[in-house]
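The structure appears below as structure tokens.
Atom set for the values below is all heavy atoms of this structure, side chains included, hydrogens, waters and symmetry mates excluded.
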Amino acid sequence: MQNSILYIQKLRQLLTTEYEAEVEIFREQTERMGIKRKIRRGLCWYPVSTGNSYYNSLNQLVIQIKNRNEEDTENDIEHCFEYGKPIQFFTINDNNEIKYFTHSCQVSYTDDTTMVVCLPNNQALIDIQNTDNLGVQIMFDETSYKTMFHALDEVINAKKNRLADLRDIFAGNIRPQKYSFAPSRFPWLNPSQEQAVNEVLWAKDVEVVHGPPGTGKTTTLVEAIYETLRRETQVMVCAQSNMAVDWISEKLVDHGIPVLRIGNPSRINDKMLEFTYEHKFASHPDYPELWSIRKTIRQIRENRKKGDNIHQKIARLRERADEIEMGINSSLFDECRVVACTLVGAANKILVRHKFSTLFIDEAAQALEPACWIAIRRASRVILAGDHQQLPPTIKSYNAMQQGLGITLMERIIKTQPDAVSLLKMQYRMNDEIMKFSSEWFYNGKLESSPDVKNRSILDYDTPITWIDACNTEISDNTKDIRCQNNIENNSDDKKSDELETKDYHEQFIGENHGRINKAEAELCIKKLEEYINKIGKQRYIDERLDTGIISPYKVQTQYIRSLIKKSEFLRPIRSTITVNTVDGFQGQERDIIMISMVRNNEHGQIGFLNDLRRMNVAMTRARMKLIIIGSIDTLTRHSFYKKLHEYIISL
């Protein structure tokens, strides 16, 4: 039992600490970091060129921007620009002095090399189009924090309403209620999935669908939404990121459910473009009239002569435009069954007067609790889905993390209301031996493998998990594996020394943000991948459409591995089947072969990011048939988790 209001007040204080920490980090980055380093970090494009400018369907003035820096593409630099982020234009003069524009702009759409930017006014457009040596960089995003603070204030002040009830239920002060009708049968689901869907339907207040890796969490959630819509007119579906919203939206569309996607999808394809608010708005039969009125208003303003009284005329046109816009909005919401957006996007002005009987939050274990409350304000009951043993929310302030900001709403409900939790137990992704260690360590041994995947493998008699030790002495290429011993050089005779190739497998520190790289380990990773594919047979690898994922907790390591893949003649024909990314980039994905480059190799046993075992859980459970871990056994096994993991692998 806890005082729910005091808890939310403390949460607000922690969010303030996080806000101040992020502001300071951003200030240091922008003031101390040069343009070249910002480009390498994905925070900046320079130089850029401007393209077409126009008014979009929401009557926003936008301009197209093209990244002209070829090195970004050549070096696989991943930028951090995304929909809704605030940005700032700048120019560099002949003396290499940077001049920042004062205009506040926002990203409307972006891909790898192009961006559409919303501008505040025509003067901003003129300034940008008439400037040479133009660049653009990300600015600190105040909007999401302001929205979260506002939501928490509303929760704190809630009295004798549904929001206050949910606040007390989540704190454990009130037991969540359930309906008592007979369970429904879903023969296409397994027993734990079927039970979870029924628990969602029975829940009056809250339910958590806990979906470990490969257990069909999305399938279960889509089924729960579909069944809920047989009883309710409309629901809201949210997630922390645009990508997660896109993913669940696509699955709902495949299920034949009409979706209205608020906010631009992070990866626009023809299927999802059709369901975006902007596209539906512009496709509405009444839109041409609205566009014509808006164009007339702009022309009247542009052609205004001194002394003209245009206010009444513009007021009449605006009144008609508002009437049409409200009619289009009403039509779009009446037609859809699911409104989908990010948690912060739930504060969109389009949704101001809309309430929902049920809110579904996907990937809830990755969302800060304050962000969840933004959407919860619009709902009567809440269904959360995710896995708190996988990726956590990103938090910049160590103090805020230590004091509890990293505890998500989903974790809190699991702790305070354990009866409102449904665990999915059957996994359909991994070979049983890949699954077992994760099941024992993270899920109390409750997971089991579907018979269809239990013994899946690529090679006969292959060990599903291999740990290749990366240490300071590499045995010659003829040896199948690497076996490092502390006294290998001291006790070997001259003949043995001739067979050894010495390499430095120690990690290197890159940059002020604790970036780490281990080039020798990266090279070993590529070498071992080539050897394994050679064992499979390259033609068989191609014919059976196998794929590989290479994961590292350090971004700079992934970039170096990508560069090595580009140089490999052996991998050239199958390069498109190999994905290299950080742990975060692989969330929700799976591959036939997964290689993990651990990077950390030092005398002190320091492992940094690898202390977050949830990230390692994500990395290991991406593999369907083969998991290859490459890292220093001596460094890593000083931690109890990695020691147990190593012992488990040896026992196979």
Using the test ring pair (Phe, Tyr, Trp, His ring centres under 6.0 Å), find all partners of F149 that sit at least two apart in sequence or belong to another chain.
none
Within-4.5 Å side-chain heavy-atom neighbours: K217 and L424
yes
Looking at CG of L163 and CG of D168, how far apart are the two atoms once the value is rounded to the nearest 0.5 Å?
10.0 Å
Could you please spell out the steps behind the salt bridge (charged side-chain N to carboxylate O under 4.0 Å, His left out) verdict for E250 and R261?
CA-CA 10 Å; E250 286 184 29; R261 173 69 163 92; over 6 Å; no
Check ring pair (Phe, Tyr, Trp, His ring centres under 6.0 Å) between H79 and all other residues, then give those that pass, not counting sequence neighbours.
W45, F81
Over all heavy atoms of both residues, which pair between A158 and R167 is shortest? Give the atoms and the distance, please.
O-NH1, 3.1 Å
Does some side-chain heavy atom of L610 sit less than 4.5 Å from a side-chain heavy atom of M598?
yes
Less than 4.5 Å apart, any side-chain heavy atom of I350 and any of Y277?
yes
Please report the shortest heavy-atom distance between A379 and L359, naming the atom on each side.
CB-CB, 3.5 Å
When you compare the side chain of E369 with that of L11, does any pair of heavy atoms fall below 4.5 Å?
yes
I'd like to know whether I565 forms a side chain to side chain contact (heavy atoms under 4.5 Å, CB included) with I550, so could you lay out the CA-CA distance, the side-chain angles of the two residues, the decisive distance to 0.1 Å, and finally the verdict.
CA-CA 11 Å; I565 290 173; I550 303 178; 4.0 Å; yes
Verify whether one side chain among Q606 and N602 offers a donor that lies under 3.5 Å from an acceptor in the other.
no
Validation row, ring centre F90 to ring centre F101 under 6.0 Å
no
Minimum side-chain heavy-atom gap T50-I65 below 4.5 Å:
yes
Indicate yes or no: does R516 engage E521 in a salt bridge with an N to O separation below 4.0 Å.
no
If you count every heavy atom of other residues, nucleotides or ligands that lies below 6.0 Å from L564 atom CG, does the total exceed 12?
yes
For F442, all residues meeting ring pair (Phe, Tyr, Trp, His ring centres under 6.0 Å), sequence neighbours excluded:
F641
In sequence, state the C-alpha distance, the side-chain angles, and the governing distance for E18 and K396, and then conclude on salt bridge (charged side-chain N to carboxylate O under 4.0 Å, His left out).
CA-CA 6 Å; E18 171 70 3; K396 303 291 178 65; over 6 Å; no
Can you check whether P213 reaches M430 side chain to side chain, under 4.5 Å on heavy atoms?
yes
Take E590 and R622, measure what salt bridge (charged side-chain N to carboxylate O under 4.0 Å, His left out) needs, and give me the verdict at the end.
CA-CA 4 Å; E590 57 187 71; R622 302 307 95 194; over 6 Å; no
List the residues meeting side-chain contact (heavy atoms from CB on, under 4.5 Å) with R27, not counting sequence neighbours, and say none if there are none.
E24, E31
R378 meets the side-chain contact (heavy atoms from CB on, under 4.5 Å) criterion, sequence neighbours left out, with M236, L351, F356
List the steps and the verdict of salt bridge (charged side-chain N to carboxylate O under 4.0 Å, His left out) for R12 and D153.
CA-CA 8 Å; R12 196 188 192 287; D153 289 339; 2.6 Å; yes
With I262, which of N348, V245, T342, T276 fulfils side chain to side chain contact (heavy atoms under 4.5 Å, CB included)?
N348
Compute both the distance and the angle, then confirm whether K519 meets the cation-pi test with Y560: under 6.0 Å from the six-membered ring centre, within 45 degrees of the axis.
yes
What residues, two or more places apart in sequence or in another chain, satisfy ring pair (Phe, Tyr, Trp, His ring centres under 6.0 Å) together with H639?
Y642
